[in-house]
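Before any comments, here is the structure.
What's counted below: heavy atoms across the whole structure, side chains too, no hydrogens, waters or symmetry copies.
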Amino acid sequence: MADGAGGGNGGKSYFEQQREALVGEIAVSLESVLQNINRLNRSLEGVIAVGNEFGSVEALWSQFENVMGAQTAAQGQGQSQGQAGSAQKRDGSGEEGEGEGEGEGEGDDDGVEG
């Protein structure tokens, strides 16, 4: 086997020495990456465990929301039937009130410089 450009250190060429050094650095870097991935995995497992602890609380709040929503819907249907007649009376008086409010708002532009 012929030596490369520098040759001499224990029969290894310069290329082989550099290759061994780089392979060693790569191995150290991969170990570091593996350790960080394991640390990330443990953190994610902790986050998932905390999230799973709230599953029963979420189920309870969902049940509460469904019950309250059903009661609100039932009350809303009862009130809408009772208010049908009074809503017609309010529609006639509400139009006059809106007209007056629009007239009052027009004077506010006088103080603005333009």
With distance as the sole test, does Asn41 use its side chain to make a donor-acceptor pair with the main-chain N or O of Ile37 at under 3.5 Å? no
Can you list every ring pair (Phe, Tyr, Trp, His ring centres under 6.0 Å) pair that touches residues 29-63, not counting sequence neighbours? Trp61-Phe64
Could you state the interatomic distance from CD (Glu45) to CG (Leu40), rounded to the nearest 0.5 Å? 10.0 Å
Just by distance, no angles: are the side chains of Glu25 and Ser29 close enough, under 3.5 Å, to form a donor-acceptor pair? no
What distance separates Glu20 CD from Phe15 CZ, expressed to the nearest 0.5 Å? 10.5 Å
Go through the structure and list residues passing side chain to side chain donor-acceptor pair (under 3.5 Å) with Asn36, not counting sequence neighbours. Arg39
Residues Lys12 and Gln17: closest non-hydrogen pair is O-NE2, 3.6 Å
Can you get from Met68 to Val57 by hopping between Ile, Leu, Val, Met, Phe, Trp and Tyr side chains that sit under 4.5 Å apart? yes
Rounded to the nearest 0.5 Å, what's the gap from CD on Glu65 to OG1 on Thr72? Could you check? 10.5 Å
